[in-house]
Number of protein chains: 2
Amino acid sequence: MYSKLVIGCFLQVLMAGRGARFHLQSEGRAALVPTSSHPADMLVRKLGSIAQLSDEERRAVMGLPMTARPLPGGHDIACEHDRPMQCCLILDGWASRYQFLAEGRRQIFSFHIPGDIPDLQCLHLRVMDHSLCALTPVMLAFIPHEAIRDLTTGYPGIAATLWRDTLVDGAVFREWMVGMGRRSACQAVAHLFCEMYVKLEAVGLAKNHRYKLPITQVDIADALGLSNVHVNRVLRQLREENLVVLRNGWLNISNWPELVKISEFDPLYLHVDRLAA
Amino acid sequence: MYSKLVIGCFLQVLMAGRGARFHLQSEGRAALVPTSSHPADMLVRKLGSIAQLSDEERRAVMGLPMTARPLPGGHDIACEHDRPMQCCLILDGWASRYQFLAEGRRQIFSFHIPGDIPDLQCLHLRVMDHSLCALTPVMLAFIPHEAIRDLTTGYPGIAATLWRDTLVDGAVFREWMVGMGRRSACQAVAHLFCEMYVKLEAVGLAKNHRYKLPITQVDIADALGLSNVHVNRVLRQLREENLVVLRNGWLNISNWPELVKISEFDPLYLHVDRLAA
DNA sequence: CGCAATCTTGAATCGATTCAAAGAATGTGG
DNA sequence: CCACATTCTTTGAATCGATTCAAGATTGCG
């Protein structure tokens with residue numbers, strides 16, 4: 001059913017290795033798109049984007065055992081009440097964390113993109129208190145908890161870096177709380193688009209205020225605590241005001257400064273040091 | 001203005017040391033109410049409630065430099081954009097994290113009680129992306145980041161315990177997101193009351209489904225993304241349904257099983273091991 | 001006692017939801 | 001390559017939950 005897509009995604013990862021070692025963007029920042037057949041490269045780049053890694057630390061990270069595995073879109077990666085024995089690093093595709101409630105209600109907690117380790121928290125919270133699923137066909141690298149624990153025990157700097165990553169995760173939750181609690185539906189949607197742009201741009205997966213957004217309006221609604229009907233109306237409004245256009249899975253931000261302004265977007269909470277200074 | 005209250009609060013901490021070393025609850029669990037004049041005792045008990053501490057680790061924690069300091073209610077402890085050099089452990093009183101937005105809107109992210117380290121995240125996220133204030137007169141123990149970093153570098157087990165604490169923090173944010181996004185106002189308020197009861201009960205500050213709740217209806221509204229008027233109506237409804245009564249700063253849960261049921265409260269996300277098993 | 005903060009209630013309004021149904025896009029198999 | 005099924009998007013109309021505004025009651029505090 002999904003095999004074609006999955007193989008396509010797999011090849012994409014492998015073939016990227018043939019290109020230049022780094023895809024440089026206009027800002028001269030190294031992109032996170034897979035440029036090597038070894039998934040650990042992705043992790044090294046990710047951690048390097050959070051904090052400086054020493055040569056020794058880099059070697060230790062490269063030595064982590066990882067198993068790459070494709071998964072079809074819509075598939076659960078880990079479920080509430082599970083006790084996973086490994087974390088997953090996203091090499092390609094999007095994932096999301098969510099929880100189902102009574103009467104078919106759903107709350108999405110986060111969207112995750114390549115370079116993220118969306119279930120890192122289960123390293124220390126053994127039982128999953130929510131679920132994690134692939135939004136698109138994904139390529140994942142699974143890393144045993146055991147290996148990560150050994151690594152963090154031996155290298156406090158790496159522990160601090162991973163810890164920091166989970167703290168940024170929490171900061172994003174706080175910002176989403178603001179969106180759901182105190183922002184209008186319009187502001188909340190605009191804010192989400194700004195956030196995803198900054199995150200994707202930081203790993204080289206977006207530029208020129210345009211990116212692939214492989215989620216449905218229902219997903220946006222469940223993430224922001226709205227109904228899908230209302231999300232649709234908000235999207236129309238944003239389109240009519242020449243701010244953003246979402247069509248065929250691509251998001252085009254026509255007026256970035258205005259979008260930032262109306263959504264009161266301040267990237268401080270993402271703690272991208274190069275931005276926050 | 002606040003001096004009497006503050007001194008009262010301070011004495012309360014000091015005088016508790018005269019009593020039995022541990023206040024035992026019916027469940028036989030050690031209570032977290034201050035039982036010693038040394039604030040490090042509180043930290044040892046807190047960490048011990050998260051994970052087992054070895055004797056060596058306990059000694060290391062006891063060796064942390066701490067400065068106890070009272071602060072009047074309403075006072076800010078740390079503000080957005082600050083770069084604190086220390087974390088604070090709450091010895092007595094309540095604190096909350098929040099953010100102000102345009103037009104006087106406010107979002108409260110969390111309520112904190114004795115034993116909590118509400119700004120632990122700034123150990124690795126140098127810049128505060130929100131503010132922290134004392135809700136009531138509080139007694140705080142300030143611990144320099146430097147000392148905590150040395151501790152976590154030398155003792156990976158303690159690092160993991162503190163890390164875990166910040167992860168539970170994030171899990172609570174997720175649950176609040178569910179409340180704001182997909183629960184009715186009534187359910188959200190009820191859920192908050194359940195959550196605070198479990199947290200307070202775990203540190204010996206609540207029992208018999210009754211506890212001191214020193215926050216205003218406006219605070220509840222800003223925490224749950226509601227208007228104060230609506231919170232008032234929801235409280236009346238809960239009272240009329242004989243579920244909870246909030247009066248004079250005390251919360252009385254008349255029908256705990258029903259409150260848990262209507263709010264769909266599942267304490268799993270609090271990751272209190274003794275509960276989750 | 002009197003001020004200030006908090007709580008309470010009613011009435012009007014608004015933002016968002018629900019329900020329903022049509023239209024567009026996407027993927028599948030013949 | 002077309003027809004069909006499915007999923008996603010779009011729009012209108014009725015409704016509802018929550019907000020805003022405003023005024024009065026209560027509580028705590030100096």
Side-chain angles (χ1 to χ4, degrees), chain A residues 1-8 72-74 101 103-108 135-137 179-190 212-240 244-251 262, chain B residues 1-6 8 72-74 101 103-107 135-137 179-190 212-240 244-251 262:
Chain A
M1 190 185 188
Y2 287 102
S3 56
K4 239 187 219 168
L5 275 167
V6 168
I7 292 171
L101 295 113
E103 297 141 46
R105 288 169 303 158
R106 182 178 64 150
Q107 177 67 51
I108 290 182
L135 275 171
T136 66
M180 291 194 287
R182 289 289 178 242
R183 276 197 264 262
S184 69
C186 205
Q187 287 184 302
V189 171
K212 180 123 194 54
L213 184 65
I215 63 179
T216 67
Q217 295 183 3
V218 175
D219 293 329
I220 297 175
D222 285 342
L224 303 178
L226 302 167
S227 70
N228 58 339
V229 175
H230 198 55
V231 165
N232 184 276
R233 289 184 177 126
V234 164
L235 287 176
R236 173 158 53 119
Q237 190 191 331
L238 291 173
R239 195 186 326 126
E240 284 169 356
V244 270
V245 179
L246 174 58
R247 200 171 46 208
N248 301 334
W250 282 87
L251 189 87
I262 69 141
Chain B
M1 188 184 188
Y2 287 103
S3 56
K4 241 188 217 167
L5 274 167
V6 168
L101 294 114
E103 297 140 47
R105 287 169 301 160
R106 181 178 65 149
Q107 177 66 51
L135 274 171
T136 67
M180 290 194 288
R182 290 288 178 243
R183 275 197 265 263
S184 69
C186 207
Q187 287 184 301
V189 171
K212 179 124 194 55
L213 184 64
I215 63 179
T216 67
Q217 294 183 4
V218 175
D219 293 329
I220 296 175
D222 285 342
L224 303 178
L226 302 168
S227 71
N228 57 340
V229 174
H230 198 55
V231 166
N232 184 276
R233 289 184 177 128
V234 164
L235 288 176
R236 172 158 55 118
Q237 191 190 329
L238 291 173
R239 195 187 326 128
E240 285 170 354
V244 269
V245 180
L246 174 58
R247 200 171 48 208
N248 301 333
W250 281 87
L251 189 87
I262 70 141

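Letters A, B, ... mirror the listed sequences (proteins, then strands); counts begin at 1.
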Report task. Write out all pairs satisfying side-chain hydrogen bond (donor to acceptor under 3.5 Å, both in side chains) with one or both partners inside residues 220-230 of chain B, taking only residues at least two apart or from two chains. Result -> A:R182-B:D222, B:R106-B:D222

Query raised in the report: Rounded to whole angstroms, how far apart are CE on A:M180 and C1' on D:dG17?
Result: 18 Å

Query raised in the report: Does A:Q187 reach the main-chain N or O of A:I262 with its side chain, forming a donor-acceptor pair under 3.5 Å?
Result: yes

Query raised in the report: Rounded to the nearest 0.5 Å, how far apart are CD of B:Q217 and CG of B:L246?
Result: 7.0 Å

Report summary line: dist A:K212:NZ -> A:N248:CG (nearest 0.5 Å) comes out at 8.5 Å

Report task. Scan B:G249 against the nucleic acid and name what it touches under 4.0 Å (heavy atoms): base, sugar-phosphate only, or nothing. Result -> nothing

Query raised in the report: To the nearest Å, how far apart are B:H230 NE2 and D:dA22 P?
Result: 21 Å

Report summary line: Separation of C:dT6 atom P from B:L213 atom CG, nearest Å, is 14 Å

Query - A:C186 to A:V234 - nearest heavy-atom pair and separation - result: CA-CG1, 3.7 Å

Report summary line: Taken to the nearest whole Å, CZ/A:R105 to C1'/C:dT18 is 15 Å

Query raised in the report: Once you round it to whole Å, what is the distance between P of D:dC8 and CG of A:D219?
Result: 8 Å

Query raised in the report: How would nucleotides 9-14 of chain D be written as a contact map, 5' to 3', with B for base contact, S for sugar-phosphate-only contact and - for no contact, using protein heavy atoms under 4.0 Å?
Result: SBBBB-

Report summary line: B:M180 and B:A223 have their tightest heavy-atom pair at SD-O, 3.9 Å

Query raised in the report: So do the side chains of A:V231 and A:L224 get within less than 4.5 Å of each other, counting heavy atoms only?
Result: no

Report summary line: With five pairs defining each end axis, the helix from C:dT8-D:dA23 to C:dG30-D:dC1 comes out bent, to 10°, by 40°

Query - Whole-Å gap separating P (C:dG23) and CZ (A:R247) - result: 20 Å

